[in-house]
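Scroll down for the structure; my scribbles are underneath it.
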Amino acid sequence: MNSEIKPESEKSLNFIEVFVEEDMKNNRFGKHIHTRFPPEPNGYLHIGHAKSICLNFGLAQKYGGLTNLRFDDTNPVTEDVEYVDSIKEDVRWLGFDWGDREYYASDYFDTLYAYAVKLIEKGLAYVCDLSVEEIANNRGTPTRPGVESPFRNRSVEENLKLFEEMKNGKYKRGEKVLRAKIDMASPNMHMRDPILYRIIHEPHHRTGNKWCIYPSYDFAHGQCDSLEKITHSICTLEFEVHRPLYEWFIKELEIFPSRQIEFARLNLTYTVMSKRKLLRLVKEGYVNGWNDPRMLTICGLRRRGYTPASIRAFAERIGVAKRDNIIDIAVLEFCIREDLNKTAPRAMAVLNPVKLTLINYPEGKTEMLKGKINPEDENSAFRDIPFSKHLYIERDDFMENPPKEFHRLSPGKEVRLKYAYIIKCVDVIKDASGHITEIICTYDPETKSGLPQANRKVKGTIHWVSEPHALKAEVRLFDRLFLKENPDEVDEGHDFTENINPDSLKVAEALCEPSVDGARNLQSFQFERIGYFCCDKDSTPQQLVFNRTVTLKDTWAKISGKM
RNA sequence: UGUCCAAUUGUGUAACGGUAGCACAGCAGAUUUUGGUUCUGUCAGUCCAGGUUCGAAUCCUGGUUGGACAACCA
């Protein structure tokens, strides 16, 4: 090894990319790859799905292939078109395009039925009359072999007849199932005569009443991959034990040999990820719906102000591997700050106001000051910010008896009002209970931004808004939904809801500079020195509403917290 | 008392028998009209025990720890 800088093309690969490159080199699938994203339309997509979406679409992009969107809709009991639409919207919003390759497992029901018949004819599948309980009991346990079904050795003819009768609706749910005939003593539970078809007298969101038997996941997923000529079928670790079955079907059905590769699903600190728990948060009213900005659903993140680019960057940054992982939520927050810092227009807003009056500034005068819309952008345009005698500043930016580390306003001290003047506190007015109601300052006209005197050193710079020009806005201050890194860490008999943060949402009235007027839904701003905020869909011209996406890094909070 | 999978700084992720690197987080400093950004520096790691080898995070054996698997869910 020498110290040469590695070119981009030699950047390290994740283990899936290693497999793909090996396969390409060995010509396993020819010169191209083809992936798929296979959601079940029974819930909303979350950040964990985003990882999978970025992985599947990202791989295809990298190696010049295509990605299909395929709905795994083999269970009409739980699935619905409502979810199909939201899933498509979310994938598209994330920035991925599946072209015209929108497929459904239900598109293949006829073929799947024919595959089942083929297995019966080969003597590899049989109709079983055992009840749910009996099948479960006969399956054994991971450490104890199962026992064979008494119906295991029916003739091919009888199986064919019975299976057709199942399809024709002759039997009720639970009366019969079609099972593969593999090995009831296999150490792998999934090989113990798995169920291929079950009877469900329920209309399907796409096939209506055509079918009353539906294929199981194992009998549908892999075959759909195969029918679509998917080269690399990427799924999460819990399907690893299904892989022998996946490959058994490919072999016995003699179909296109898609390759299943498993990776570790995403976990994040201070949140829950399972569909079941997310559903409870919604159903039990801990949050206001699936798109509540505190939810790590794609639609929740969108409403919170996360951008597609930030989520893609996150997926890239966390990597892919097979070991269980818990990603620090700070990584996600870093990614959105990184993006918004470069793109979000700046504005000043005061969230917790206290009045400030400039005694030597003319009453009734208004000046228009200039502020860069985005200082990160060299070519940034300017915005107009009105200034007057009567202002509001952040209550936290004033301290009567400050420690020496405090760089803001205090009696007798100077501070800069951003884009405006250097001011000096000369008096403090309090009410009967000692609560500060107004801060009295003088301003130095020589220090207006742009003037030579403005370059004078001062300890700090604070934001402000002009009282007569301020725009009121509702701000929704979101914080993490759970108090513990691992919300599932609870005492016996309790559950994760115990760890919900009671202060995950605080609503305040902010006073904003006029440039935020007319903000559109999903439009992001940086409220200077505070954080990134995004206009909510509840916002109207009469009542602006902003969601706090994430705070700015707050070094002062860290310092003051230690004191 | 089973099968499969995994184990690298606090958290992720590289290193494919040859200098343990990168990112986030932390800490310290510089710059700054955002206590933001940016920049610099810094802390900190190969689960354990054997073996193979000139050389092991990497290969082998045994252990330990964690995870998955016993829906007619996916």
Side-chain angles (χ1 to χ4, degrees), chain A residues 1 3 11-14 18 38-40 42 72-75 77-79 128 130-132 135-137 139-146 173-174 176-179 186-192 194-200 213-214 216-218 220-221 235-244 262 264 269 275 317-335 337-338 341-342 346 348 371-372 375-376 405-408 416-420 422 447 449 454-455 458-463 485 526-531 551-560:
Chain A
M1 255 315 227
S3 57
K11 259 177 60 180
S12 65
L13 305 174
N14 66 49
V18 171
E40 184 189 11
N42 72 343
D72 224 335
D73 56 350
T74 57
N75 186 355
V77 179
T78 54
E79 295 154 6
C128 181
L130 257 25
S131 69
V132 183
I135 288 177
N137 290 336
R139 187 148 27 222
T141 69
T143 54
R144 205 187 68 237
R173 170 144 211 187
K176 286 183 166 42
V177 288
L178 184 73
R179 293 228 256 167
S186 170
N188 183 337
M189 298 293 291
H190 298 279
M191 299 301 273
R192 322 242 264 226
I195 282 152
L196 269 30
Y197 266 92
R198 73 276 207 206
I199 296 166
I200 304 176
I213 57 171
Y214 293 92
S216 63
Y217 165 83
D218 284 307
H221 195 101
C235 59
T236 44
L237 247 29
E238 67 269 27
F239 294 103
E240 204 157 28
V241 278
H242 293 242
R243 190 170 0 118
E262 311 85 9
T269 56
K275 268 184 193 172
R317 202 173 283 263
I318 60 175
V320 189
K322 293 194 76 157
R323 59 174 141 164
D324 293 325
N325 61 84
I326 305 171
I327 308 285
D328 191 336
I329 192 76
V331 179
L332 219 210
E333 293 175 348
F334 173 85
C335 290
R337 287 193 188 108
E338 182 186 41
N341 176 48
K342 294 199 184 75
R346 312 287 132 123
M348 292 193 287
K372 272 194 176 167
E376 297 296 308
E405 294 87 351
F406 190 75
H407 297 167
R408 306 176 186 181
R416 185 192 307 281
L417 293 180
K418 189 154 182 159
Y419 308 122
I422 294 173
T447 60
S449 286
N455 297 326
V458 277
K459 264 292 199 54
T461 300
I462 63 173
H463 63 280
E485 258 189 38
Q526 185 198 98
F527 290 168
E528 302 202 56
R529 304 209 306 132
I530 306 271
T551 60
L552 251 31
K553 263 180 72 177
D554 192 349
T555 306
W556 168 240
K558 216 176 271 172
I559 296 166
S560 60

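Lettering of chains follows the sequences in order, A, B, ..., and the numbering in each one begins at 1. On a predicted model such as this, the values are computed, not experimentally measured, just so you know.
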Return the set of residues passing side-chain contact (heavy atoms from CB on, under 4.5 Å) with A/N325 (not counting sequence neighbours), or none when no residue passes.
A/K51, A/A264, A/L266, A/I327
Could you give the distance separating B/G63 and B/A7 at their C1' atoms, to the nearest angstrom?
14 Å
For A/E405, enumerate each residue passing the side-chain contact (heavy atoms from CB on, under 4.5 Å) test, keeping only those at least two apart in sequence or located in another chain.
A/P403, A/W556, A/I559, A/M563
Measuring only the C1' atom in each nucleotide, how far is B/G62 from B/C27? A whole number of Å is fine.
42 Å
Name all residues meeting the ring pair (Phe, Tyr, Trp, His ring centres under 6.0 Å) criterion together with A/F239; count only those two or more places apart in sequence or in a different chain, and write none if there are none.
A/Y217, A/H242
For A/T78, report the nucleic acid contact type (base, sugar-phosphate, nothing); a contact means any heavy atom under 4.0 Å.
nothing
Who are the side-chain contact (heavy atoms from CB on, under 4.5 Å) partners of A/N14, not counting sequence neighbours?
A/I16, A/E17, A/V320
Which residues pass the ring pair (Phe, Tyr, Trp, His ring centres under 6.0 Å) test with A/H463, not counting sequence neighbours?
none
Does A/R317 place a side-chain N or O at less than 4.0 Å from the phosphate oxygens OP1/OP2 of B/A14?
no
Verify the contact: side-chain N or O of A/K558 to OP1 or OP2 of B/C27, cut-off strictly under 4.0 Å; return yes or no.
yes
Roughly how many Å apart are B/G26 and B/C69, using the C1' atom of each and rounding to a whole number?
39 Å
Decide side-chain contact (heavy atoms from CB on, under 4.5 Å) for A/I199 and A/V177; before the verdict, give the C-alpha distance in whole Å, the side-chain angles of both, and the deciding distance to 0.1 Å.
CA-CA 7 Å; A/I199 296 166; A/V177 288; over 6 Å; no
Mark up nucleotides 28-45 of chain B, 5' to 3', with B wherever a protein heavy atom is under 4.0 angstrom from a base atom, S wherever such an atom reaches only the sugar-phosphate, and - elsewhere.
-----BBBBS--------
Using a cut-off of 4.0 Å on non-hydrogen atoms, how would the nucleic acid contact of A/Y197 be classed: base, sugar-phosphate, or nothing?
nothing
Nucleotide B/C5, atom P - distance to CG of A/L237 in whole Å
11 Å
Which value, in whole Å, describes the distance between the P atoms of nucleotides B/U9 and B/A44?
14 Å
List every contact pair, protein side and nucleotides 69-71 of chain B side both N or O, where the distance is under 3.5 Å.
{"residue": "B/C69", "atom": "O2'", "partner": "A/H190", "partner atom": "NE2", "Å": "3.0"}

Which heavy atom of A/N341 sits nearest a heavy atom of A/E376, and at what distance?
O-CG, 3.4 Å
Where each pair must be Watson-Crick or G-U wobble with both distances under 3.5 Å, what dot-bracket representation of RNA chain B is obtained, with crossing pairs in [ ] and other-strand partners as |?
.((((((..((((....[..)))).(((((.......)))))....(((((..]....))))))))))).....
Mind checking the P distance from B/U52 to B/G45? Whole angstroms is fine.
29 Å
Nearest to side-chain heavy atoms of A/S216, which nucleotide of B/U13, B/A74, B/C72:
B/A74
Those residues that, when tested against A/M189, pass side-chain contact (heavy atoms from CB on, under 4.5 Å) (two or more places apart)
A/R139, A/P142, A/R192
Using a 4.0 Å heavy-atom cut-off, does A/V18 contact any base of the nucleic acid, only the sugar-phosphate backbone, or nothing at all?
base
How is A/S186 classified with respect to the nucleic acid when contacts are heavy atoms under 4.0 Å: base, sugar-phosphate, or nothing?
nothing
Quantified in whole Å, what is the C1' atom distance between nucleotide B/U13 and nucleotide B/A20?
13 Å
May I have the step-by-step check of side-chain contact (heavy atoms from CB on, under 4.5 Å) for A/T447 and A/V458, ending in yes or no?
CA-CA 11 Å; A/T447 60; A/V458 277; over 6 Å; no
Taking only residues two or more places apart in sequence, or in another chain, which ones meet A/R198 in a salt bridge (Lys or Arg N to Asp or Glu O under 4.0 Å)?
none
Could you give the distance separating B/A71 and B/U64 at their C1' atoms, to the nearest angstrom?
33 Å
Phosphate OP1/OP2 of B/A74 contacted by A/T74 side-chain N/O (<4.0 Å)
yes
What's the gap between B/A23 and B/G41 when it is taken at their P atoms, as a whole Å value?
11 Å
Would you indicate what A/I213 reaches in the nucleic acid, counting non-hydrogen atoms under 4.0 angstrom: base, sugar-phosphate, or nothing?
nothing
Residues at least two apart in sequence or cross-chain that pass ring pair (Phe, Tyr, Trp, His ring centres under 6.0 Å) with A/Y419, listed by chain then number, are none
I'd like to check the side-chain hydrogen bond (donor to acceptor under 3.5 Å, both in side chains) partners of A/R337; sequence neighbours left out, ordered by chain and number.
none
